[in-house]
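What follows is a single structure, written as structure tokens, with notes after it.
All values derive from a computational prediction rather than experimental measurement.
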2 protein chains.
Amino acid sequence: MASPTEENYLKTLFTKADKNGEIAITELSQYLKVSAPTANSMIKNLSQQGLVNYEKYKLLSLTARGKKEAAFIIRKHRLTEMYLVEKMGFGWEMVHEIAEQIEHIDSPRFFDRMDELLGYPKVDPHGSPIPDKNGKITAKTLVKLSDCKVGDTVTLSALANSSEEFLKYLNSKQLQLELKLRVEAIEPFDQNMKIKYLRNRVEILSQMACNKLLVEKQL
Amino acid sequence: MASPTEENYLKTLFTKADKNGEIAITELSQYLKVSAPTANSMIKNLSQQGLVNYEKYKLLSLTARGKKEAAFIIRKHRLTEMYLVEKMGFGWEMVHEIAEQIEHIDSPRFFDRMDELLGYPKVDPHGSPIPDKNGKITAKTLVKLSDCKVGDTVTLSALANSSEEFLKYLNSKQLQLELKLRVEAIEPFDQNMKIKYLRNRVEILSQMACNKLLVEKQL
DNA sequence: ATAATAAGTTAGATTGATCTAAATTATAAT
DNA sequence: ATTATAATTTAGATCAATCTAACTTATTAT
Ligand SMILES: [Mn+2]
Ligand SMILES: [Mn+2]
Ligand SMILES: [Mn+2]
Ligand SMILES: [Mn+2]
């Protein structure tokens, strides 16, 4: 029922909301690259449909129904990304753009078949969790690499940001998910981290980068 | 550049035009399930863009550019259908609906990768030719089964109509492309054909069905 | 040749998604 | 407590895609 435009709003509301599930309408409009009045009128529409909690001048949040709808769209997006990487051989930096379009395809069968062929994956190629058929998300609790201390050995499990730039940067350092990383040292001045991985590879990663690397302690 | 709506017009213009490449605007509007005035205004738009030859009250046709654009969309549609059947295990009767949506995805890479994974197929699951990357179509010259005579042995190569109903009918008779068929007899009264295939299977097919079965003599 | 019918076009309205400019409300700063 | 600033909303316009009703042109039948 939801148009691609409406689906994009729900998805952004879901993924960009803060810890309390709230977001300001102007911030939302920026993510969606539309003007504030455009977002304002669309939000009224979604509120009318019972998908968004909206009161004038207050922060926005999704209703239970809105969250469920959003989860279905995110499911379609992330299954697609996984399919493109695993079954079609695309690099993890190439799939977001395509998934951004395919997520709007209306065909439960199509996505369920992807899911089946992939063996019901739990996460997408960037480590983000894939909602199940009921819209339920089971996310591991991960910590930022930048919060780890010298001597910690961790598994790179997800990215807090999956921009093409960052993904290409990671490619250039042969950094990929499921890799074991060891914190060799931390520069007190700027928090740069010396990381060891892949037998003997050592790289200095900026705090900015380490902030976006989500890891699991041990495994 | 073309919207999904415009793409659907171009595709329909291409596939539903007569031998001279022409079609009436009302007929077009019926295929697209829009009113005649809607089609009229869209055709003016496409004509403005140099994709359609349009003169008031005359039949419509695609320009060279329009034909090329149309071929690209048809390429996306048919590659998708082939991919869905060959790589995702869908039945040939299930893929048109999905392809109708995926054909509007804007990502040359995505479709070229499908093409590559499929080994550059020449035809879709219904035997229709797939335009190449340059929009060139190479179609075999096929004849209708209904034009064959008793004793002819032919290969079922394509369908003149791929409606879900017809495809399910063919499924129920285990009729599929590349099958060798032999015309055993033709009923003079109604042109029903007695066809033998798959070792010893024999079926009586109506003229209506035989009209839509396109075959190649010998192989 | 005229009239009836069918096909195609024009006029005018609607809906969703978008914009800019202007007004209002909330928040922050003095 | 006022005032300045930032966020949000309202007003009003535009554009694509659609519709129905009315009109015009072409085709067909008598
Ligand atoms: Mn993505
Ligand atoms: Mn999208
Ligand atoms: Mn098709
Ligand atoms: Mn389509």
query: Are any of the side-chain nitrogens in B:D112 or B:R75 under 4.0 Å away from the carboxylate oxygens of its partner?
result: yes

- prompt: Is A:Y31 close to A:I23 at the side-chain level, that is, under 4.5 Å between some pair of heavy atoms?
  reply: yes

- prompt: Counting just side-chain N and O atoms, does B:Y54 come under 4.0 Å of either OP1 or OP2 of C:dT9?
  reply: yes

- request: Figure out the CD/C1' separation between A:E55 and D:dT9, and round it to whole Å.
  value: 15 Å

- request: Provide the full list of ring-ring contact (aromatic ring centres under 6.0 Å, His included) pairs with a residue in residues 76-116 of chain B, sequence neighbours left out, each pair given once.
  value: B:H77-B:H96

- request: May I ask you to say whether A:E216 pairs ionically with A:K140, meaning some side-chain N is under 4.0 Å from a carboxylate O?
  value: yes

query: OP1 or OP2 of C:dG8 less than 4.0 angstrom from a side-chain nitrogen or oxygen of B:N40, does that happen here?
result: no

query: Counting heavy atoms not belonging to B:K11, are there more than 12 under 6.0 Å from its NZ?
result: yes

query: Salt bridge check: are A:R65 and A:E69 linked by an N-O gap of less than 4.0 Å?
result: no

message: Between B:E81 and B:R78, does any side-chain N to carboxylate O distance fall below 4.0 Å?
response: no

- line: In B/S/- notation (B base, S sugar-phosphate only, - none; protein heavy atoms under 4.0 Å), nucleotides 16-26 of chain C written 5' to 3' is -SBBBB--BSS

- request: Identify whether any heavy atom of B:K58 sits under 4.0 Å from a base atom; if not, whether one sits that close to sugar-phosphate; answer base, sugar-phosphate or nothing.
  value: nothing

- prompt: For A:K173, does the NZ atom sit with more than 12 other heavy atoms under 6.0 Å from it, leaving out its own atoms?
  reply: yes

message: Below the 4.0 Å mark, does C:dT9 have OP1 or OP2 next to a side-chain nitrogen or oxygen of B:K44?
response: no

message: Rounded to whole Å, how long is the line connecting atom CG of A:L60 with atom P of D:dA7?
response: 14 Å

- prompt: So which of residues 10-30 of chain A are in contact with DNA chain C, with a heavy-atom cut-off of under 4.0 Å?
  reply: none

Interatomic distance where CD belongs to A:Q48 and P belongs to C:dT15 [whole Å]: 15 Å

